[in-house]
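First the structure, in the form of structure tokens, and then the observations on it.
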Amino acid sequence: MIASVIVDVPAKQIDRTFDYTVPASLQPVVQRGVRVIVPFGPRKIQGFILEIKHESSVKKLKPIEEVVDIEPVLNEELMSLSEWLTEQTLCYRISALQVMLPAAMKAKYHKLFFQLDHDIPDHIQSLFHTESPLSWKKADESGALKDLQELIKQRKVEMKYVVRQSMNVKKKRFVELTGTVTSGNIPGNARKQKQILEHLEAGEGKIAVADLKEIAQTTSAVIKTMIDKGYLKESFSEQYRDPFAERTFEKTDHFTLTPDQKKAITPIVEKVNQYEQQTFLLHGVTGSGKTEIYLQTIDQVLKQDRQAIMLVPEISLTPQMVQRFKGRFGDQVAVMHSGLSVGEKYDEWRKIHRGEVNVVVGARSAIFAPFKRLGVIIIDEEHETSYKQEDSPRYHARDVAIERSMRHGCPVILGSATPSLESFARAKKGNYQLLELEYRMNQQDLPEVKIIDMREELREGNRSMFSRDLLVEIEKRIERKEQIVLFLNRRGYSSFIMCRDCGTVMQCPHCEVSLTYHRYKESMKCHYCGFEEQVPNTCPECESEHIRYFGTGTQKVEEELFKLMPHVKTIRMDVDTTSKKGSHEKLLDAFGRGEADILLGTQMIAKGLDFPNITLVGVLSADTMLHLPDFRASEKTFQLLTQVSGRAGRHEKPGEVIIQTYTPEHFSIELAKTQNYEWFYQKEMMMRKTAQYPPFYFISLITLSHENVNKAAGVCNEIAEILKSRLSDQSIILGPVASPIARIQDKYRYQCMIKYKHEPELKLLLKKILDQYSDTGKDAVSINIDVQPYIMM
DNA sequence: AGCACGCCGACT
DNA sequence: GTCGGCGTGCTC
């Protein structure tokens with residue numbers, strides 16, 4: 001028996017199967033989708049069995065060393081989906097397989113030294129005393145590698161390659177009575193032991209060691225003694241790490257659907273019942289009740305003993321969403337989002353894999369949940385860019401969802417108040433079925449939106465980042481004890497450091513970006529490579545001392561706000577204050593309880609957040625992202641403003657929104673005022689048509705990087721020439737041009753964009769180009785291809 | 001990607 | 001003369 005294996009090495013030359021013989025003892029368990037450990041050159045690595053066969057064209061085969069799984073970790077559907085993913089995103093097969101499993105299942109590789117002989121030098125011997133077997137890392141740190149190498153030659157030391165799973169199943173320890181003694185016949189001075197025995201005799205069977213320690217007020221030492229003496233027997237049972245252990249979820253029931261909602265859900269349920277694929281685009285303003293439609297669709301799916309995947313953008317939405325899902329479906333729900341630890345994610349995955357849950361609510365990667373009977377896939381906030389993975393495999397969850405739904409024969413629901421132009425265009429064309437929710441559920445009017453021209457403010461002498469109107473409105477809310485949300489665009493854009501005399505902006509020495517100022521350490525940091533340096537006292541160019549930071553970071557807004565209104569309490573939410581696990585939720589909870597008047601934050605507060613007392617939303621600078629080199633800039637701005645505005649007045653109290661901008665005449669800002677998606681869509685479609693961008697054209701992006709500018713540009717030019725000669729006249733090849741971020745980590749970046757309508761051979765051609773140019777050699781230009789990029793840099 | 005094998009300069 | 005630099009090529 002022979003197994004074809006894809007091994008865990010993401011490299012061009014290894015991106016194919018390798019054949020191994022299967023020892024008789026392993027034959028019953030090897031099958032497609034099972035992980036194995038195999039010898040590969042001098043080392044051992046993990047791999048996936050792709051195929052079982054009986055012949056191989058290779059003569060000398062090595063045997064499989066070990067089988068990792070009793071059951072396949074990837075079922076037939078996911079195995080074939082990985083093939084599709086490999087072709088679609090031009091990634092390595094191993095990457096496509098790996099991305100479908102939780103990070104915990106990625107193998108870790110170790111090199112260990114084993115001592116075989118006592119006659120070795122003292123300093124090596126002492127190393128073995130501290131650690132045996134001795135890890136490569138430690139040996140290297142102690143500078144002993146050379147000596148060890150010599151000892152290996154003398155056969156006094158041996159080196160082994162070890163493959164380990166990075167995460168293990170969590171086990172809980174239990175003890176029970178063995179019956180060899182009773183509490184009556186142990187020595188009187190063993191008070192604790194007696195107490196423990198009595199307790200166990202009164203109860204029945206096993207008890208968790210942790211509980212026992214609590215009850216008997218004792219330590220594991222006592223319990224260990226009792227185990228050693230044979231009074232107690234220990235056992236282990238597998239345990240799930242439950243991230244929601246301390247929380248109870250109130251059981252909730254269906255809401256009665258409004259006529260509007262009924263009209264929308266009917267065609268979906270129809271498709272569910274018919275086991276048919278159909279992609280729906282559910283378009284409804286914030287508060288129109290999309291979630292209830294999701295919940296009731298899932299309910300229908302569960303009634304048929306089928307399963308559901310629900311994708312949400314990222315952690316921000318999840319606490320409230322999770323609550324709603326757990327409330328409705330109880331422990332049938334697994335949750336997968338970035339806030340969980342690696343171990344927790346692994347456990348949630350195992351619940352799905354074992355068929356213990358039927359619903360998964362999660363971020364992008366949950367699209368690969370190993371369900372066998374999918375009944376519906378839902379993507380909420382479908383326009384969110386976080387559904388596109390930016391590193392290999394560069395997949396879009398929406399594409400994977402549709403592909404899986406075809407294999408399962410089930411509908412996909414894409415939901416959004418501001419659909420991506422691509423999706424809306426497809427819906428208009430009839431590729432997707434458009435479902436509109438026109439009314440807000442509680443008949444609540446949309447908040448009043450006021451646009452403030454900050455140029456006007458400047459002309460009238462207001463140089464602060466708050467317009468006079470905004471300040472007045474903030475004061476009003478404070479008086480009325482209502483709450484305010486202040487929104488600031490992404491952190492990377494803010495707080496650069498500039499010399500006021502010569503205008504020099506502090507730049508990263510390794511990347512073509514300006515450094516960001518971080519107040520708490522008086523330092524400046526690069527967001528691309530992590531470079532960090534103290535803010536200099538004098539300008540490195542002109543030695544002037546007039547160095548200061550510009551832009552508006554959240555920290556700076558907070559300070560300004562404090563200067564203007566020292567009596568106001570603010571909670572700041574940005575990457576700095578929410579990096580710790582659970583802090584996101586904690587801050588939101590605190591704000592919900594009314595512990596602060598103002599919530600100040602970046603992008604991450606734009607979603608979810610639904611507190612009745614928020615009556616004012618301020619957008620400090622609506623246009624910062626309008627000027628990014630990205631054809632989706634207007635779309636993103638409109639989506640963001642619409643979404644942020646939706647945060648105000650979600651309940652009885654009417655809400656107001658103030659948008660500050662330097663370009664009030666821009667259509668995406670004007671139209672966000674009325675939240676008129678349809679108009680925005682028409683207008684933006686016209687722009688896209690003239691500029692020849694999606695949805696009128698598909699785009700692929702090739703990026704070349706190298707330390708030498710000319711080399712990067714040169715190769716980029718070669719590739720552009722190949723493309724020009726091979727593609728049809730209707731396709732447009734832009735470039736080579738320097739990437740918007742011209743240099744990252746000392747490597748210059750050049751790119752070439754392909755815009756096309758119909759190029760059936762393009763994937764093949766790109767694959768060829770990728771093969772031809774992906775040399776891994778020392779001085780090689782590295783190449784990256786994104787088949788449908790979301791970020792143009 | 002690792003790792004071994006192999007062929008040329010500065011040290012005991 | 002050897003140690004060690006990293007170029008080249010292979011991994012079932």
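Letters A, B, ... mirror the listed sequences (proteins, then strands); counts begin at 1. Excluded from the calculations below are hydrogen atoms, water molecules and symmetry mates; all remaining heavy atoms, backbone and side chain alike, are included.
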- prompt: Quick one: CG on A/D786 to CD on A/E390, what's the gap to the nearest 0.5 Å?
  reply: 6.0 Å

List, with names and distances, any nitrogen or oxygen atoms from the protein found under 3.5 Å away from nitrogen or oxygen atoms belonging to nucleotides 1-10 of chain C.
none

- prompt: Charged N to carboxylate O under 4.0 angstrom, A/E87 versus A/K763?
  reply: no

- prompt: Quick one: A/R16 CZ to C/dC12 C1', roughly how many Å, whole number?
  reply: 8 Å

message: Salt bridge or not between A/E348 and A/K351? Use side-chain N to carboxylate O under 4.0 Å.
response: yes

message: What is the first contacted nucleotide of DNA chain B and what is the last, in 5' to 3' order, if contact means an atom lying under 4.0 angstrom from a heavy atom of chain A?
response: B/dA1 to B/dC3

field: 4.5 Å side-chain heavy-atom contact, A/L762 and A/R726
entry: no

message: If I take atom OH in residue A/Y20 and atom P in nucleotide C/dC12, what distance separates them, rounded to the nearest angstrom?
response: 5 Å

field: Check: A/S82/A/R93 side-chain N/O donor and acceptor closer than 3.5 Å
entry: yes

message: Nearest 0.5 Å, please: how far is CD in A/E718 from CG in A/L704?
response: 9.0 Å

field: Residue among A/R632, A/K636, A/E384, A/E382 satisfying side-chain hydrogen bond (donor to acceptor under 3.5 Å, both in side chains) with A/S420
entry: A/E382

- prompt: Listed in order of residue number, which residues of residues 35-69 of chain A have a non-hydrogen atom at under 4.0 Å from DNA chain B?
  reply: A/P42, A/R43

- prompt: What is the nucleic acid contact for A/I2, judged by heavy atoms within less than 4.0 Å: base, sugar-phosphate only, or nothing?
  reply: nothing

- request: Measure the CD1-CD1 distance between A/I769 and A/I719 for me, rounded to the nearest 0.5 Å.
  value: 6.0 Å

- prompt: When you check the gap from the basic side-chain N to the acidic O, do A/D746 and A/R743 get nearer than 4.0 Å?
  reply: yes

query: Which part of the nucleic acid does A/Y161 contact within heavy-atom distance under 4.0 Å: base, sugar-phosphate only, or nothing?
result: sugar-phosphate

- prompt: Is the shortest distance from a Lys or Arg side-chain nitrogen in A/E77 or A/K372 to a carboxylate oxygen in the other one below 4.0 Å?
  reply: no

